[in-house]
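Counting begins at 1 with the first residue of the sequence.
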Amino acid sequence: MIRCLQVVTIILSWALPAIAGTPVFEIEIRDHLFHPEELHIPANTKVKVVVYNRDPTPEEFESYELNREKVIMGGRKANIFIGPLSPGVYPFFGEFNPRTALGRVVAE
């Protein structure tokens with residue numbers, strides 16, 4: 001019986017991360033600003049960032065440090081996968097409104 005419980009424990013320790021899936025985080029674009037402007041994610045983990053563009057005009061999520069570039073049409077959303085990232089700060093900006101649409105991902 002104890003051996004059976006050990007096997008079940010080992011199987012669950014491998015299966016649970018797969019069942020849990022990729023962590024999901026959300027950002028909104030409103031009035032040419034990112035909300036939140038600072039997104040905290042776990043370091044060393046691949047994550048999915050869903051970006052909702054609440055503005056009627058398109059915006060481009062761009063980050064040289066994250067090596068990501070994605071145009072999001074007005075009223076639409078986009079899924080952007082990033083990571084795994086080392087601990088640190090990774091800036092991003094809106095290509096069409098670079099003075100106002102600024103943000104950063106903090107991997108910790």
- Message: Could you walk me through whether Asn44 and Leu85 satisfy the side chain to side chain contact (heavy atoms under 4.5 Å, CB included) test, starting with their C-alpha distance in whole Å, then the side-chain angles of each, then the deciding distance to 0.1 Å, before giving a yes or no?
- Response: CA-CA 5 Å; Asn44 306 309; Leu85 299 173; over 6 Å; no
For residues 101-108, which side-chain N or O atoms pair as donor and acceptor with protein atoms under 3.5 Å away, sequence neighbours left out?
unit_1	atom_1	unit_2	atom_2	d
Arg104	NE	Glu38	OE1	2.7
Arg104	NH2	Glu37	OE2	3.4
Arg104	NH2	Glu38	OE1	3.4
Glu108	OE1	His40	ND1	3.4
Glu108	OE2	His40	ND1	2.9

- Task: Could you tell me which residues satisfy ring-ring contact (aromatic ring centres under 6.0 Å, His included) with Tyr64, sequence neighbours excluded, listed by chain and number?
- Result: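 Here the qualifying residues are Phe93.
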- Sequence neighbours left out, what passes ring-ring contact (aromatic ring centres under 6.0 Å, His included) with Phe92? Give chain and number order.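 Counting only residues at least two positions away or on another chain, Phe92 forms a ring-ring contact (aromatic ring centres under 6.0 Å, His included) with Phe34, Phe61.
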- Would you mind listing every salt bridge (Lys or Arg N to Asp or Glu O under 4.0 Å) that reaches into residues 63-83, with sequence neighbours excluded?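 Every candidate salt bridge (Lys or Arg N to Asp or Glu O under 4.0 Å) pair involving residues 63-83 fails, so no pair, neighbours aside, qualifies.
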- Message: Taking salt bridge (Lys or Arg N to Asp or Glu O under 4.0 Å) as the cut-off, I'd like each qualifying pair that reaches into residues 49-61, sequence neighbours left out, listed once.
- Response: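 Only Glu28-Arg54 qualify under salt bridge (Lys or Arg N to Asp or Glu O under 4.0 Å).
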- Message: Measuring only between side-chain heavy atoms, which start at C-beta, is Ile80 closer than 4.5 Å to Ile27?
- Response: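 In short, these two side chains do not touch, never coming nearer than 4.5 Å.
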- Message: So, using side chain to side chain contact (heavy atoms under 4.5 Å, CB included) as the criterion, who are the partners of Pro42 when residues are at least two apart?
- Response: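 For Pro42 the side chain to side chain contact (heavy atoms under 4.5 Å, CB included) partners, ignoring immediate neighbours, are Phe25, Thr45, Val47.
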- Partner set under side chain to side chain contact (heavy atoms under 4.5 Å, CB included) for Lys48, not counting sequence neighbours: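 Partners of Lys48 by the side chain to side chain contact (heavy atoms under 4.5 Å, CB included) criterion, ordered by chain and then number, come out as Thr22, Val24, Val50, Asn79, Phe81.
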- Which other residues end up in the same hydrophobic cluster as Met73, if Ile, Leu, Val, Met, Phe, Trp and Tyr are linked when side-chain heavy atoms come under 4.5 Å apart?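 Its cluster partners, ordered by chain and number, are Val71, Phe96.
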- Message: Quick check: closest heavy atoms across Ser63 and Pro91, and the distance to 0.1 Å?
- Response: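 In terms of heavy atoms, the two residues are closest at OG-O, 2.7 Å.
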- If you measure from CG on Asn97 to CG on Leu33, what distance do you get to the nearest 0.5 Å?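 Going from the CG atom of Asn97 to the CG atom of Leu33 covers 8.5 Å.
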